Protein chains: 2
Amino acid sequence: MQLSKSTTAGERDRRCSTVRYRANEEIYTQGGKTDRLYRLREGAVRSARFNSEGRRQVGNFYYPGDVFGLETEPEHQYGVEALTDCVVESISSSSGSEDEIATLAEVTRQQLRKVSEHLVLLGRKTAREKVALFLLSYAARNPDADVELPMNRQDIADYLGLSVETVSRTLTLLQEESVVAFPAARRFRVTRWDVLQRMAT
Amino acid sequence: MQLSKSTTAGERDRRCSTVRYRANEEIYTQGGKTDRLYRLREGAVRSARFNSEGRRQVGNFYYPGDVFGLETEPEHQYGVEALTDCVVESISSSSGSEDEIATLAEVTRQQLRKVSEHLVLLGRKTAREKVALFLLSYAARNPDADVELPMNRQDIADYLGLSVETVSRTLTLLQEESVVAFPAARRFRVTRWDVLQRMAT
DNA sequence: CGCAGGATTGAAGGTGATCAAAGCATGTGG
DNA sequence: CCACATGCTTTGATCACCTTCAATCCTGCG
């Protein structure tokens, strides 16, 4: 998958293109055709689906280097929106050379890994375990300094299958127990890795 | 993946083999090396993992024709056990011709689909929704006659992230509402598809 | 400085977990 | 063939946790 052959914006129908999105902009819609693959260059995005009662389930968060847009059905089960301003490359997924197919398998594998991790998260019983595991896996990308969260509480809640309030309360508790510190709502640092790890088990 | 080149039992270290397992027998262990792929010929199996507190999470149920054993990590995150007596073919997954790799991609895709469906299930909020969706997707394989469940209540509970008692109570309710009928604990028939479908959304 | 959306906190209620016991089915041995 | 043992399922009672609804508090930004 040669996502690096970037062209200018506005050529979405071409084989390969690079497009910028502003925060909260939609990259593709739930229900649309699954005919393209996307690689995130800069920023962060979120995939989410709405069930018929209007409840939202966040599928995944993607970060620079991640490929998204791969699904097993011909129509997108999840829509994707930009969490922050971001730069996205995309190609038509039907334009397959042998080389690309080989990488497609790798992308599928990556996606399977992501979904499997999410499954473990949702399988956890208590809110503490879920939140702890979420913070842990997010903080892992930056073990030393403070980490900036691109998503809001609602996104986290819908990702973990919890209510916003429960997420908020749990974060407050973890702070009171000095397990994590939140200098701002969207920025945190793990202060007690051992405790957090034990919680998430 | 030529899982059809069966040989006799007892040649597990060979390239391809067919083995019979009795109900409750272990096919492979959580933590073992992920070096083989399995195709279920007859019977039903269950994949499950234990977290460090001893809680069990059922990953999936597999039925004749399904391929299992594919995982993204070098060590099995899930162990697999026979639910009923069954016949299993397996091959070394490292013995890859081009042809086999092409099919490996397809297996990965199938697995991704299964895991994604499970994710939707676990994302559901209420026990009713979960149980309804489980029955629905299981009954889909046999729309007319009664369906025999190869797994017990505990398996269902661990698959849905619920307690056995909640599963049992929910099934009782669904029976009282004449949505499903259980002539025996392990055999059921959907009597009101529309209602069940609406529950599962 | 003031506004708006997000985040937090509070109170009340519901839903599912847990603990405990009883009911059923299957299989074994007397 | 019946009695009993065993394991699975169901039911009951209580409790903890999470959700919901509501209000207040931030904080980032114009």
Side-chain angles (χ1 to χ4, degrees), chain A residues 22-24 46 51 53-58 81 83-85 121-132 134-135 146 148-177 180-188 199, chain B residues 22-24 46 51 53-58 81 83-85 121-135 148-177 180-188 199:
Chain A
R22 310 213 71 89
N24 302 315
R46 163 201 72 206
N51 66 21
E53 289 107 17
R55 272 220 337 273
R56 192 182 70 160
Q57 161 85 345
V58 167
E81 290 176 19
L83 286 168
T84 65
D85 292 356
L121 244 178
L122 284 177
R124 305 264 152 192
K125 278 234 174 8
T126 73
R128 283 176 75 86
E129 286 176 325
K130 288 182 177 179
V131 173
F134 173 78
L135 290 178
D146 287 12
E148 195 83 26
L149 287 173
M151 71 292 282
N152 64 25
R153 297 291 189 269
Q154 188 66 61
D155 292 328
I156 299 174
D158 291 343
Y159 179 69
L160 301 180
L162 297 171
S163 67
V164 211
E165 295 93 331
T166 298
V167 171
S168 181
R169 273 184 254 267
T170 307
L171 289 176
T172 303
L173 284 177
L174 293 180
Q175 284 179 82
E176 288 171 352
E177 297 165 7
V180 292
F182 273 81
R186 299 282 192 97
R187 194 176 323 120
F188 77 100
M199 275 180 198
Chain B
R22 311 215 69 91
N24 302 316
R46 164 201 71 206
N51 65 23
E53 288 106 18
R55 273 223 333 276
R56 191 182 70 159
Q57 160 86 346
V58 167
E81 290 177 19
L83 286 168
T84 65
D85 291 356
L121 243 177
L122 284 177
R124 303 264 154 190
K125 281 236 172 9
T126 73
R128 281 176 76 86
E129 287 177 323
K130 288 181 177 179
V131 173
L133 193 49
F134 173 78
L135 290 178
E148 195 82 27
L149 288 173
M151 72 291 282
N152 64 24
R153 298 291 188 267
Q154 187 66 59
D155 291 328
I156 298 175
D158 292 343
Y159 179 69
L160 300 180
L162 297 171
S163 68
V164 210
E165 295 93 332
T166 298
V167 170
S168 181
R169 272 184 255 267
T170 307
L171 289 176
T172 304
L173 284 179
L174 292 180
Q175 284 179 84
E176 288 171 352
E177 298 165 8
V180 292
F182 273 82
R186 298 284 192 97
R187 193 175 325 118
F188 77 101
M199 275 180 198

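Here is the naming used below: chain letters follow the sequence lines, and residue numbers restart at 1 for every chain. Computed from a predicted model, the values in this text were never measured in an experiment.
- Regarding contacts with the backbone of C:dT9, a side-chain N or O of A:Thr172 is found under 4.0 angstrom from either OP1 or OP2.
- With rounding to whole Å, A:Asp155 atom CG is found 16 Å from C:dG5 atom P.
- B:Asn152 has its CG atom 20 Å from the P atom of C:dC24, to the nearest Å.
- The CZ-C1' distance, from B:Arg186 to C:dT26, rounds to 12 Å in whole Å.
- In this structure, B:Ile156 and B:Leu149 have side chains that are in contact, with non-hydrogen atoms separated by less than 4.5 Å.
- Separating the CG atom of B:Leu171 from the C1' atom of D:dT10 is a distance of 11 Å, rounded to the nearest angstrom.
- When rounded to the nearest whole Å, the span between CG of B:Leu149 and P of D:dC8 equals 15 Å.
- By the 4.5 Å heavy-atom criterion applied to side chains, A:Leu135 and A:Leu171 are counted as neighbours.
- At a threshold of 4.5 Å between non-hydrogen side-chain atoms, the residues B:Glu129 and B:Thr170 do not count as touching.
- Under 4.0 Å is where a charged nitrogen must lie from a carboxylate oxygen, and between A:Glu177 and A:Arg128 at least one such pair does.
- Residues A:Arg124 and A:Thr126 fail the side-chain proximity criterion, which asks for heavy atoms closer than 4.5 Å.
- Rounded to whole Å, atom P of D:dT11 lies 12 Å from atom CZ of B:Phe182.
- Spacing between atom CD of A:Gln154 and atom C1' of C:dA7 amounts to 11 Å, rounded to whole angstrom units.
- In this entry the distance linking CZ of A:Phe188 with P of C:dT8 reads 13 Å, nearest Å.
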### Query
Under the salt bridge (Lys or Arg N to Asp or Glu O under 4.0 Å) criterion, do A:Asp146 and A:Arg187 qualify, and how do the steps go?
CA-CA 6 Å; A:Asp146 287 12; A:Arg187 194 176 323 120; 5.1 Å; no
#### Entry: B/S/- contact track for nucleotides 17-27 of chain D, protein heavy atom under 4.0 Å
-SBBBB-----
